[in-house]
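Read through the structure below, which is laid out as structure tokens, and then see the notes.
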Amino acid sequence: MGRTDGDRESGPDPEEPPDDTQAFSAALEDSVEDLYENAPCGYLSTSLDGQIAKVNTTLLKWLGYKRTDLVGRRKFSDLLTVGGRLYHETHFAPLLRMQSEISGIALELEAADGSRLPVLVTSTVKTDSDGQPLLIRTTVFDARDRRAYEHELLRTRQEAERERERLQQLATTLQKTLLPPALENVPGLDVAAYYHIASIDEVGGDFYDLFPLAAGTWGLFLGDVCGKGAEAAAVTSLVRYTLRAAAVYDPDPTAVLSNLNTVLNHEYNGTDPRFCTVIFGLLTPDSDRGGFRITLASGGHPPALLLRADGTADYLPTPGGQLIGVLPDADIATITFRLDPGDTLFLHTDGLTEAHTAAIGGERYGDEALLDFVRALAPATAQGAITTVRDLLDTFGTGVDDDTAVLAVHVPCADREEQQ
């Protein structure tokens with residue numbers, strides 16, 4: 001027999017899904033007692049002296065106690081670890097008495113089996129209509145996940161710090177391998193150098209050296225490779241050894257830099273070109289007149305400074321020198337001059353002149369400021385010049401955002417005491 005429309009209206013269709021709205025409404029009818037006992041956090045009420053008067057089922061389950069173990073028999077502070085009890089007596093309880101509320105305090109509760117439960121505790125003082133305190137209500141939140149997260153965060157941070165220290169040590173070691181352990185002792189010449197590291201986290205690309213060549217001549221160079229890090233370190237190493245090898249083959253400064261330009265342009269002419277600025281010098285002692293004859297070749301490098309024995313100082317003109325490694329054939333600027341007794345030749349990388357200084361409003365230090373500084377310094381020995389410039393760099397503090405190399409060579413005066 002078929003069903004009529006009236007039959008369909010007389011009862012629910014067994015194939016229809018249950019009414020979710022009714023189930024949700026029924027869930028909202030939880031009793032207040034059930035909400036208290038099975039809340040997702042622990043509740044307890046104590047007298048003003050801390051005696052436990054009421055505790056919910058959630059906290060009992062967390063700690064593994066029966067209600068009769070705690071109510072009327074234990075104080076809240078009895079549930080704390082030794083350190084927690086000390087903190088409760090010296091900080092928690094006094095603050096609660098003064099403020100009537102204290103929240104988010106990290107403590108540890110000791111469970112019935114002796115295990116520890118990290119928690120966050122919030123307590124308030126309930127008062128009567130006259131404002132007199134009656135009891136203390138405390139809410140306890142399980143902080144095990146948070147504690148685990150904090151421990152993991154601390155462990156990760158410690159590992160990161162150890163890794164950073166390891167990388168700093170590697171960077172420092174690598175930086176040392178790119179510089180000569182000691183400058184050569186040149187008869188009749190005093191030499192001093194200094195390398196200022198802008199960041200211990202990265203290897204810079206500045207370099208310098210002084211080394212003997214054939215027939216009583218000496219070679220020196222100072223320069224700066226573009227960039228930082230391992231890539232710059234690799235280029236710096238290539239540049240240093242190429243300069244030395246090229247100088248042995250042909251010590252003419254123009255030929256040395258031309259050979260370096262060919263090597264860099266050949267090795268780094270792809271999508272990641274590498275180049276450098278550099279000054280190379282050939283030093284030849286003058287046995288008849290004393291002092292040294294020097295020829296400098298510059299490939300896009302800041303000009304050297306000459307501090308004369310008479311107290312004057314100026315830049316040595318090396319105009320037109322191009323960056324080394326950019327073009328297949330680079331223009332090299334050269335100059336030949338004498339370094340007489342009492343004179344000092346000073347070379348530097350651009351980390352010095354591009355440093356920021358608060359003394360002039362945070363602008364770059366600049367070439368003119370350096371020239372004024374050196375003019376006030378002249379005459380000076382090699383070590384005196386380096387020491388003074390080192391002190392200048394220290395005054396810039398974090399304003400030195402690029403590594404800086406400085407090199408000074410000085411011909412001592414034989415007939416008078418020199419300025420230090």
Side-chain angles (χ1 to χ4, degrees), residues 179-180 183-184 186 189 191 193 205-226 235-268 274-286 291-307 314-340 343-350 352-353 367 382 405-411:
L179 299 174
L183 293 173
E184 289 287 341
V186 181
L189 201 65
V191 183
D206 294 20
F207 56 90
Y208 62 84
D209 204 353
L210 174 67
F211 54 98
L213 292 170
T217 59
W218 302 81
L220 66 79
F221 58 77
L222 179 141
D224 184 7
V225 168
C226 68
V235 179
T236 301
S237 180
L238 174 63
V239 168
R240 289 187 70 251
Y241 290 111
T242 300
L243 287 171
R244 273 180 166 262
V248 171
Y249 176 74
D250 184 350
D252 177 69
T254 302
V256 171
L257 293 193
S258 295
N259 283 326
L260 175 62
N261 184 77
T262 300
V263 171
L264 284 184
N265 186 257
H266 179 268
E267 291 293 327
Y268 297 96
R274 293 286 172 169
F275 55 87
C276 71
T277 67
V278 61
I279 282 184
F280 183 89
L282 181 66
L283 286 68
T284 305
D286 188 339
F292 282 76
R293 184 174 182 271
I294 300 179
T295 299
L296 289 182
S298 175
H301 197 79
L305 284 152
L306 180 60
L307 288 69
D314 215 332
Y315 285 111
L316 291 172
T318 49
Q322 294 178 341
L323 296 173
I324 301 299
V326 176
L327 301 174
D329 296 309
D331 289 333
I332 309 298
T334 61
I335 185 173
T336 299
F337 60 97
R338 284 187 52 79
L339 196 67
D340 292 316
D343 294 345
T344 300
L345 175 66
F346 179 80
L347 309 176
H348 69 282
T349 56
D350 59 8
L352 172 58
T353 52
D367 296 332
V406 289
L407 173 65
V409 295
H410 170 77
V411 179

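- Among all heavy-atom pairs drawn from L222 and H301, the shortest one is CD2-NE2, 3.3 Å.
- Annotation: the span from I279 atom CD1 to T349 atom OG1 amounts to 10.5 Å, rounded to 0.5 Å.
- The shortest non-hydrogen separation linking L183 to Y208 is CD2-CE1, 3.9 Å.
- Distance check: L238 CG to Y268 OH gives 5.5 Å after rounding to the nearest 0.5 Å.
- In terms of heavy-atom proximity, P285 sits nearest to G216 at CD-O, 3.2 Å.
- Between L257 and F221 there is no side-chain heavy-atom pair separated by less than 4.5 Å.
- The local environment of CZ in R293 is sparse, with at most 12 non-hydrogen atoms from other residues, nucleotides or ligands closer than 6.0 Å.
- Distance alone, capped at 3.5 Å, is enough to place a donor-acceptor pair between the N261 side chain and the G325 backbone.
- Tested against L345, the residues L407, L305, I294, L307 include a single side chain to side chain contact (heavy atoms under 4.5 Å, CB included) partner, I294.
- A 4.5 Å side-chain heavy-atom check between N265 and L327 finds every atom pair outside the cut-off.
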> Could you go step by step and tell me if D343 and F292 meet the side chain to side chain contact (heavy atoms under 4.5 Å, CB included) rule?
Replying inline: CA-CA 10 Å; D343 294 345; F292 282 76; over 6 Å; no
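- Side-chain contact between D340 and V411 is absent, with no heavy-atom pair separated by less than 4.5 Å.
- Residues L316 and P303 have side chains not in contact (no heavy-atom distance under 4.5 Å, counting atoms from C-beta outward).
- L296 places a side-chain heavy atom less than 4.5 Å from the side chain of F337.
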>> Using side-chain hydrogen bond (donor to acceptor under 3.5 Å, both in side chains), reason through T336 and T295 one step at a time and then give a plain yes or no.
In response: CA-CA 4 Å; T336 299; T295 299; 3.0 Å; yes
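- Atom CD1 of I324 and atom CG of D224 lie 13.0 Å apart (nearest 0.5 Å).
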>> Checking L264 against C276 for the side chain to side chain contact (heavy atoms under 4.5 Å, CB included) test, could you report, in this order, the C-alpha distance in whole Å, the side-chain angles of both residues, the deciding distance, and whether it holds?
In response: CA-CA 9 Å; L264 284 184; C276 71; 3.9 Å; yes
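- Checked against L220 for a side chain to side chain contact (heavy atoms under 4.5 Å, CB included), the options L282, L347, D209 give a single hit: L347.
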> How far apart are the C-alpha atoms of D250 and V256, what are their side-chain angles, what is the distance that settles it, and do they pass the side chain to side chain contact (heavy atoms under 4.5 Å, CB included) test?
Replying inline: CA-CA 7 Å; D250 184 350; V256 171; 5.9 Å; no
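- With hydrogens and angles disregarded, no donor-acceptor distance shorter than 3.5 Å links the side chain of H348 to the backbone of A405.
- Separating the CG atom in D367 from the OG1 atom in T353 is a distance of 5.0 Å, to the nearest 0.5 Å.
- Here the side chains of I332 and S258 are in contact, with some heavy-atom distance below 4.5 Å.
- A 4.5 Å side-chain heavy-atom check between L283 and V186 finds every atom pair outside the cut-off.
- Between H410 and T344, the shortest heavy-atom distance links the atoms ND1-OG1, 2.7 Å.
- The heavy-atom pair separating Q322 from D329 by the smallest distance is OE1-O, 4.0 Å.
- Side chains of L339 and L189 form a contact here, defined as non-hydrogen atoms less than 4.5 Å apart.
- Nearest heavy atom pair, residue G321 against residue A333, reads N-CB, 3.7 Å.
- Considering OG1 of T284 and CZ of R338, their distance stands at 11.0 Å, rounded to 0.5 Å.
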